[in-house]
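What follows is a set of notes on a single structure, which appears directly below.
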There are 6 protein chains.
Amino acid sequence: MPFIQIDVTREGVTRAQKQALISGVTDLITEVLDKDPHLTHVVIREVEPDDWGYAGEQVSVLREKGITAQRK
Amino acid sequence: MPFIQIDVTREGVTRAQKQALISGVTDLITEVLDKDPHLTHVVIREVEPDDWGYAGEQVSVLREKGITAQRK
Amino acid sequence: MPFIQIDVTREGVTRAQKQALISGVTDLITEVLDKDPHLTHVVIREVEPDDWGYAGEQVSVLREKGITAQRK
Amino acid sequence: MPFIQIDVTREGVTRAQKQALISGVTDLITEVLDKDPHLTHVVIREVEPDDWGYAGEQVSVLREKGITAQRK
Amino acid sequence: MPFIQIDVTREGVTRAQKQALISGVTDLITEVLDKDPHLTHVVIREVEPDDWGYAGEQVSVLREKGITAQRK
Amino acid sequence: MPFIQIDVTREGVTRAQKQALISGVTDLITEVLDKDPHLTHVVIREVEPDDWGYAGEQVSVLREKGITAQRK
């Protein structure tokens with residue numbers, strides 16, 4: 001009976017990326033916990049950059065300063 | 001002090017249905033737990049069909065395949 | 001595909017009350033939204049009175065002062 | 001590793017108010033728990049007045065009746 | 001800035017399984033969204049079988065009836 | 001009608017620190033959004049170090065390695 005919520009900033013996540021997250025998380029749960037995938041639900045919540053704060057600053061402000069969340 | 005969150009796919013839930021969910025849940029909490037309704041808050045979160053995954057697939061894809069969530 | 005979370009203070013909620021909440025909420029969702037109950041999951045989360053704040057005070061403190069959440 | 005979620009009705013919260021919430025909560029966590037702010041994330045979720053229920057009624061209905069949430 | 005919450009019934013999940021979920025989800029987010037893993041937090045929440053309802057029944061009751069969540 | 005959830009690892013948070021978080025967050029919401037504090041609820045959720053992952057590792061493992069979350 002797993003339920004997974006993925007919160008992520010709304011910065012151009014595509015439909016294909018969402019599908020990859022949903023199938024990847026469901027596969028992981030199925031393999032690690034041996035759960036029937038028909039009992040696994042995944043919800044993605046995109047959060048506006050004005051509405052996410054990191055280290056005390058809005059992500060929208062961090063982006064205006066050129067600070068990204070990309071992998072180095 | 002109850003707080004209830006209802007996550008549901010955004011597929012045409014009407015204002016009247018939302019009101020029915022809110023009053024129904026609040027009545028249930030009041031009766032089962034004997035709580036003052038002025039301490040009970042209910043939040044409905046509608047989730048886009050692209051953002052909800054079931055059994056590893058996006059609900060939007062399931063709907064395109066004709067698979068619904070309706071009661072049999 | 002509904003998912004419902006019920007947050008309530010841990011103050012002696014019985015197993016029978018939990019079952020009443022789970023069946024009551026599931027019936028409500030099934031009737032109002034016409035959803036297959038096999039797609040509806042409910043999670044009850046009990047929160048310690050030290051960990052719930054209302055109007056700026058811990059519920060444990062409110063209880064010590066004789067302030068309850070019971071219906072009038 | 002704190003993560004803070006602020007649910008509030010969508011009733012004209014400004015960008016500056018959001019920044020004040022994010023920096024205020026992060027400062028509070030840093031001071032009370034002595035946590036590195038680079039490990040603190042804050043998410044604000046605005047909820048439509050139709051989607052928030054209080055005492056069994058939609059906030060949108062309460063507002064139509066002239067009932068506000070403002071401090072007295 | 002992703003935050004992932006995994007809700008699962010408390011039915012003997014081991015420390016190693018938790019580590020596998022955490023590293024697996026973080027790798028997935030890093031690859032699909034190209035995010036710096038130092039910005040990704042994962043929280044696993046184990047829910048007592050009395051507190052999780054599926055199709056209107058407590059999971060503890062389903063287990064007593066011999067109904068499991070295992071993959072077929 | 002704000003509801004605030006504070007997720008933090010369970011690493012010795014005291015009752016007084018919880019009270020400071022609850023009153024501090026409630027005051028902040030009251031001042032920034034001009035909300036009646038009787039409509040503001042705060043829930044603190046302590047998460048076991050085995051159940052919180054950061055950068056792909058359990059916090060319990062990070063602590064064993066001597067990596068803390070303390071402010072520098």
Side-chain angles (χ1 to χ4, degrees), chain E residues 1-64 67-72, chain F residues 1-33 35 37-72:
Chain E
M1 273 80 187
F3 181 82
I4 298 96
Q5 178 174 309
I6 300 173
D7 286 353
V8 64
T9 43
R10 191 190 299 276
E11 301 180 275
V13 183
T14 66
R15 194 185 185 203
Q17 285 175 314
K18 290 177 181 179
Q19 178 54 42
L21 291 175
I22 285 168
S23 61
V25 166
T26 306
D27 286 354
L28 182 74
I29 295 281
T30 305
E31 279 160 36
V32 173
L33 298 180
D34 193 38
K35 292 281 187 187
D36 181 348
H38 290 89
L39 296 170
T40 297
H41 295 253
V42 180
V43 164
I44 299 168
R45 180 168 65 146
E46 291 183 281
V47 177
E48 298 296 330
D50 270 4
D51 296 341
W52 193 301
Y54 170 65
E57 283 215 82
Q58 283 169 306
V59 167
S60 54
V61 171
L62 295 173
R63 295 295 177 265
E64 286 163 14
I67 300 167
T68 75
Q70 259 40 63
R71 184 165 36 160
K72 304 297 180 300
Chain F
M1 274 80 184
F3 181 81
I4 297 95
Q5 177 175 307
I6 300 173
D7 286 352
V8 64
T9 43
R10 191 189 302 277
E11 300 181 274
V13 182
T14 67
R15 194 185 186 204
Q17 285 175 313
K18 291 177 179 179
Q19 179 54 42
L21 290 174
I22 286 169
S23 61
V25 166
T26 306
D27 287 352
L28 181 73
I29 296 281
T30 304
E31 279 160 38
V32 173
L33 299 180
K35 294 281 187 185
H38 290 90
L39 296 170
T40 295
H41 294 253
V42 181
V43 164
I44 298 168
R45 180 168 65 145
E46 290 183 283
V47 177
E48 298 297 331
D50 270 3
D51 296 343
W52 193 301
Y54 170 66
E57 282 215 82
Q58 284 170 304
V59 167
S60 54
V61 172
L62 295 173
R63 295 295 177 265
E64 287 163 14
K65 291 181 179 174
I67 300 168
T68 74
Q70 259 39 64
R71 184 165 34 160
K72 304 301 179 296

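Chain letters run A, B, ... following the sequence lines, proteins first, then strands; residues in each count from 1.
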- Hey, what do you get for CD1 (E:I22) to CH2 (F:W52), rounding to the nearest 0.5 Å? 11.0 Å

- Counting only heavy atoms closer than 4.5 Å, note whether F:T9 contacts chain E via side chain, backbone, both or neither. neither

- Message: Counting only non-hydrogen atoms closer than 4.5 Å, does E:Q17 touch chain F with its backbone (N, CA, C, O), its side chain (CB onward), both, or neither?
- Response: neither

- Can you say whether E:T26 sits under 4.5 Å from chain F via the side chain, the backbone, both, or neither, judging by heavy atoms? side chain

- Task: Answer with side chain, backbone, both or neither: which region of F:V61 has an atom nearer than 4.5 Å to a non-hydrogen atom of chain E?
- Result: both

- Considering all heavy atoms of both residues, which atom of E:R15 and which atom of F:S60 are nearest to each other, and what is their separation? NH2-OG, 2.9 Å

- Do F:Q58 side-chain atoms and E:K18 backbone N/O form a donor-acceptor pair below 3.5 Å? no

- Task: Anything in residues 32-48 of chain E with a heavy-atom distance to chain F below 4.5 Å? Please list those residues in order.
- Result: E:P37, E:H38, E:T40, E:H41, E:V42, E:V43, E:I44, E:R45, E:E46

